[in-house]
Every structure is written in structure tokens, then in C-alpha cells.
There are 2 protein chains.
Amino acid sequence: MNMQADDRRPRRSRKKNGGVTLSDIAKLAGVSAITASRALNTPEQVSEETLARIRAAVERTGYVPNLLAGGLASNRSRLVAAVVPSLATPVFLEAIEALTATLVTYGYQLMLGQSGYNNSREDALIDAIIGRRPDGIVLTGILHSEQGRKRLHASGIPVVETWDLTPTPIDMLVGFSHQGVGEAAADFLSSKGRRRLATISGDDERAQRRRKAFGRRVLQHGLTEEGGAEAPDVVVSTPTTVGGGRQALARLLDIHPDVDAVFCSSDWLALGVLIEAQARGLSIPARLAVMGFGDHAFAADLHPALTSMRIDGTRIGQTAARLIIARAEGRPVAEPVCDIGFSIIERDSA
Amino acid sequence: MNMQADDRRPRRSRKKNGGVTLSDIAKLAGVSAITASRALNTPEQVSEETLARIRAAVERTGYVPNLLAGGLASNRSRLVAAVVPSLATPVFLEAIEALTATLVTYGYQLMLGQSGYNNSREDALIDAIIGRRPDGIVLTGILHSEQGRKRLHASGIPVVETWDLTPTPIDMLVGFSHQGVGEAAADFLSSKGRRRLATISGDDERAQRRRKAFGRRVLQHGLTEEGGAEAPDVVVSTPTTVGGGRQALARLLDIHPDVDAVFCSSDWLALGVLIEAQARGLSIPARLAVMGFGDHAFAADLHPALTSMRIDGTRIGQTAARLIIARAEGRPVAEPVCDIGFSIIERDSA
DNA sequence: CAGTTCAATGTTAGCGCTACCATTCGCGCC
DNA sequence: GGCGCGAATGGTAGCGCTAACATTGAACTG
């Protein structure tokens, strides 16, 4: 009956990782844990000599701070999540690359999620992301489910949507007008004297918006085949490919042999069009003007060089990073919505 | 002098996130926190009705578990980090895409780091990654510094290196022989009756290894320009581009006008070669055989269709994911080194 | 029917870090 | 001399979760 005092041996303690921890460093340097923490995070608050001793201890032990613990304690994970439909779509890559680069310089890390082009897995992805409590979320080119939007909102995490200009952003926004792109393309081609304008587009929502704006503008210019009909178009399934472009041009010419200009919803499609035209002996731009979208690196190097619509992905990525970092660090964001525009890069194909 | 008892009001508690926590769920469902935890992680340990109540509470509140806290407590972050030199290199993308997809199905998330093509930032990146205590790290196509290798080793985190077969892997390995690729390309082109073989290569270490193996094999076949010299080559800087390929072919033909076959270290270069050849009116493959590397999606759709060397990136990604998950879940890994090989996809250009 | 087992649940004590407040000490000021 | 101030450091109590062990009660055993 002496179940007391010394009798209760300490229960076996949880197995430690064995790794070096901050308090090991503190002990080595002869300071308290909190001072060691400050030495690493806000070194200006620590005296020179203390700093030196702590740094030496870090060096000696190869200590790497546990950011999970730090994030839990400080409620700042220094993680930013980005969601892309697919990595295979190079238009997003430039932005992601710039995003990563900018984040890294501020000490943030990028977590990447692929939503796929279907919305089914999207909610699960959103939960997985929110669960890590990132300091920000960058959404690229997806229409997220209502459920997902709600979750994001409720989480209170800064969100930047990109590649589009919606009237009802979840939070912040860096994008451009797809309608504007479609209209500008139509204006450009007709200013070049083209009279039978057509489009070849991926079937994603944004590409369709460009296509429709293009079609409407063509109508306004009075440039339709037989008065009043829409501009000819072929829709291919996303992701867009070179092969898709080739087939699409073949189909287009079957139905509308007199088309003299094509606006493609990606440079891949445009490359396919160039190749198919070449295979058929159609001269470009004499017989057919071709215009791409995205201004991929290869556009300038094709023969003929491809006229394309440039979206400054680097700027999108940088801007998104800056918006998120500002919010994460509690600075107010003056312009939560940013239209970065687009520009036509005129080369030889149109 | 009564600084005692009731006098010490509870110090102001740390500001809570305001978010729903597991114990909120537990309270709502009338169980203890640990039971709620089990309901979410190992539902088979919880009775049907308890499970239902907990699920209802989760549903009602929109609770999303804090994986930082979970990772800290369980020492399993369910995060896997991948390091790529650059996202702009599409060869890696296929593997990354497959990696993400496979990880997601097992409940893991991908964290992405870009090392750039220079090693300077690499160590900082490695530390940032280790700091998050991922359950695994996948390295794609980099030669990491000795310092970095040591850190990785010391961290005890499972590591998979990919895209190469080194005799001294840090841990696990999924790759193929670059030497084998170079030799196979030389064999293939000479089997096609080509006699003046050349290469156009990026300047990264692996591409150079392919190039050298190719050159040696050419020597063995006795196919050099003027007895004993190496196979002609042009080296372009990474990342490889279409424009780089065009210029390289121009240079190559300037110096060695009788070259009749080119092995390119990427499909981008090969596309550039195709375009430059077309611009110069060189017929392919009659006058010049062209072979790419990577078998990018566009290769089949070019005109002429591009012969290329296929690396099964999807399989690399899946294998890497499986290796890491196995290790993370404590299962033994029978084959820590996996050679996934390569294959020549013969099309029209060679 | 005491003894064993097992399924379901609970208690406690951290994981490694940082927020919050407190303390100490030297310095300049009136 | 007393006071205020700011720089440097420390103590304590969590952050939200789960490992490790403890407890309970019902079902089963011989």
C-alpha cells in the first residue's frame, strides 16, 4: 500500500529524435534557450560576444532549427503554398519560378500542390495545405469549388489568386484580362489586313473567355465568313500540345479553307500550326498568319519566329510573393488587386 | 508583502489563433482529445458511434488539423521535399509530377526547392529543407556540395537521388547510366549508316558525361573525321534552348560541314537543329540525322518526327515516392538502388 | 467464477520552439 | 540621490498535437 513517492519511477520518456535542439545550443553557449532563439532570429537583440558563442555552438553541432516547432510556437510557418493545375503547363512555370526565387530571399519556402484539371481532388488539396498553416497561398489558374473558397476564407490565410481578374477575389489578386487579350488579338490581326480570323483554343475556362472575346470583336469588325456567323474556331482539350495544334489546323482548313489568320491559345498549339502548315506547304505568314499565347522561350527561335502574346509571369510571381510577405509581416497592402496587363510581341508569323 | 495566492492573476495568455482545435472537437463530441486524434488518424481504433460524433463535429466546425503540431508531436511531418535545378527543365517535370501524384495518394505533400544551376544557394536550401523535418528528400539532377551531403546524412532523413547512377549514393537512388545513353546513341546512329557523328550538348555535368561516352564510342567505331580526333561537338550553356540549338548547328556546320548525324543533349536543342536545318534547306534525315534526348511530348509531333532517347520520368517519380514512403513507414527497402534504364524512340529524324 | 484477453477510451507528459512578461544593470538626467 | 530609460537576458507557460502507458468493462476461457 505504499504506492507513493519514490515508488513511481518516471514513465519511460518519449523517444527523442536524438537531434540537436535549441536548448543544447543554449547550454553549450551558457545562455538560456530564449537567448539562443533570439540570436538566430533577431540577432540585433543580442550582444556581440553572446552572439559569437552561440554561433560557434551552432557551427560545432550542425544544429538546424526545427521549423515545425518554431512555426507552432510563433504561428508563422514561413511556408507559402502554391497551387497549379499542372506543372506541364509552362505558362505557370515562369511565375512559380519567380515566386520561389522571391520567397527564398525573404526566408520563405514554397510548397507545391497540383490540382489537376479536375476539381475533385481540389478540396482535399486545400485541406492539406491549410493543415500546414502556410503564411500564404498562391492560386494559379483554377476555378476553385465554392467549398474550397469558403475554407480558404475561414482559414484567415492570405490568398493571392493569379492569372485572372475576377470581380470577387477571395483576397488578393494578380492577373490580367482574358477578355482584353482576346480583343487585342483580334484587333491586331485585323490591323494586319487579315479578313478571315479563326481561333484554336484549349478547353479551359480562361482560354474560352479569350476565344469568345476574340469572336465578338471579329463580329464588331464585320469580319465573318458569311455575315453574322461567329469566327471559325476549333477547341482542343487541355493540356494543349503540338500534336493538338497540328490536328486542329487540319480540321480548321477542312471546314474553312479560306481562313487567313489563327489565334492560338498557347504557343504549343501555335507551334503545331506552324509545323502542320509547313508540312502542307502553306507559307507563313503570306498565306496564314499565326499568333500564339504565352510567349514561351522558343517562340523567338522558330522559323518563322512566332508572334505571341506575352504575359509577364516573372512579374506575377514576384508581385504575389511580395503581397504575401507583406501580409505575413503585418504590413498593410495598399493594392490588393493588380492588373499586370499583357503585350503583343510581334515577330514574323503574323 | 502579501504577494501571494490570489494576487498573482494569470498572466495574459498567449494570443490564440482563434481557430478550431482538436480539443474543441473532442469537447463537442464528448470525448477526450486523444480519441478525437485517433478518430482522424486511425479510425479503426474507434467505435462506430464515437467516430460518427467526431466526424459530425469536424464537419460542423470546418476543423482542419494542424499538421505542424502533429508533425512535432509524432516526429512525422508527412512532407516530402524535392530539389530541382530549375522548373524550366521539362525532363524533370514528368518525374516531379508523378512524384507529387504518388505522394498525394498516400497523404504526403510535396515541398519544392529550386537549387538553381549554381551550388552557392544549395546549402542554404538544404538547411531550410532539413529544418522542416520532411519525411524524405528527393534530389533531382544536382551535384551537391560535400557540406550538403554531410548535412543530409547527419539529418537521418531518407534521401533519394535521381537521374544518375553514382557509385556512392547518399542513401537511395533511382537513375540510369548517362554513359550508357551516350554509347547507345553512338551505336544507334552508326547502325543507321552514319559516318560523321557529332554532338550538341548542354554544359551540365551529366550531359557532358553522355557526350564523352558518345565520343569514345565513336572512336571505337573508327568513325572520326581525320583519324584519331574526337567526334565534333558544340557545347551550349544550360538551360538548353531552341535558339541555342540553332546557333550550335550553325557553328557545327561551319567547322565540320560534312557532319551527317547529331546527338543533342535535349529535345529543345534538337528542335533548334531541326529548325535551323530547315531554314538552311538541309533535308532531314537524308542529309543530317538528328536525335534528341528526353522524348518530350512534342517530339512525336514535329515534322519530321524527332527520334529521341526516352527516360521514363513517371517511373522515376513513382519509384522515388515509394522508396521514401516505405522508409517513412518503417518498412525495409529491399532495393535502395534502381536503374530504370532508357530507350531509343525511333522516329523519322534519324 | 476467477483469470485472461481485448477493444475502447482516458491521463499525462512532452515534441522544440517562441510570446509575454520580468529582471537586472549601467547610464544620463534633473 | 532618485528616477527613468533602454539594452541584454531570463523564467514560465504555452502552441496543438500524439506517444506511452493506464484504465475500464465486456467477452471469453477452462
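Chain naming here is simple, since letters A, B, ... match the order of the sequence lines and numbering starts at 1 in each. Please read these numbers as outputs of a predicted model, since none were measured by experiment.
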Of the listed nucleotides [options], the one nearest the side chain of [X]:
X: A:Ala69; options: C:dG16, C:dT18, C:dG10; result: C:dG16
X: B:Val46; options: C:dC17, C:dT9, D:dC17; result: C:dT9
X: B:Pro65; options: C:dA19, D:dC17, C:dC17; result: D:dC17
X: B:Arg38; options: C:dT9, D:dG16, D:dG10; result: C:dT9
X: B:Ser32; options: C:dG10, D:dG11, D:dT18; result: C:dG10
X: A:Ser47; options: D:dA8, C:dC17, C:dC20; result: D:dA8

In whole Å, what is the span from the [atom1] atom of [X] to the [atom2] atom of [N]?
X: B:Leu72; N: C:dC17; atom1: CG; atom2: C1'; value: 8 Å
X: A:Glu48; N: D:dT9; atom1: CD; atom2: C1'; value: 16 Å
X: B:Leu22; N: C:dT9; atom1: CG; atom2: P; value: 15 Å
X: B:Ile130; N: C:dG16; atom1: CD1; atom2: P; value: 16 Å

Check whether any side-chain nitrogen or oxygen of [X] sits under 4.0 Å from OP1 or OP2 of [N], and answer yes or no.
X: A:Thr35; N: D:dA8; answer: no
X: A:Tyr63; N: C:dG16; answer: no
X: A:Asn75; N: C:dA19; answer: no
X: B:Ser37; N: D:dT18; answer: yes
X: B:Thr21; N: D:dG16; answer: no
X: A:Ser74; N: D:dC15; answer: no
X: A:Asn66; N: C:dC15; answer: no

How about B:Gln114 and A:Thr100: does a side-chain donor come under 3.5 Å of a side-chain acceptor?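 Yes, because at least one side-chain N or O of B:Gln114 sits under 3.5 Å from a partner of the opposite role on A:Thr100.
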Is the closest side-chain donor-acceptor distance between A:Glu122 and A:Ser115 under 3.5 Å?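 Not at all, the side chains of A:Glu122 and A:Ser115 share no donor-acceptor pair under 3.5 Å.
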Does the B:Asp127 side chain pair with the main chain of B:Ala124, one donor and one acceptor, at a distance under 3.5 Å?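 Not confirmed, B:Asp127 side chain does not pair with B:Ala124 backbone.
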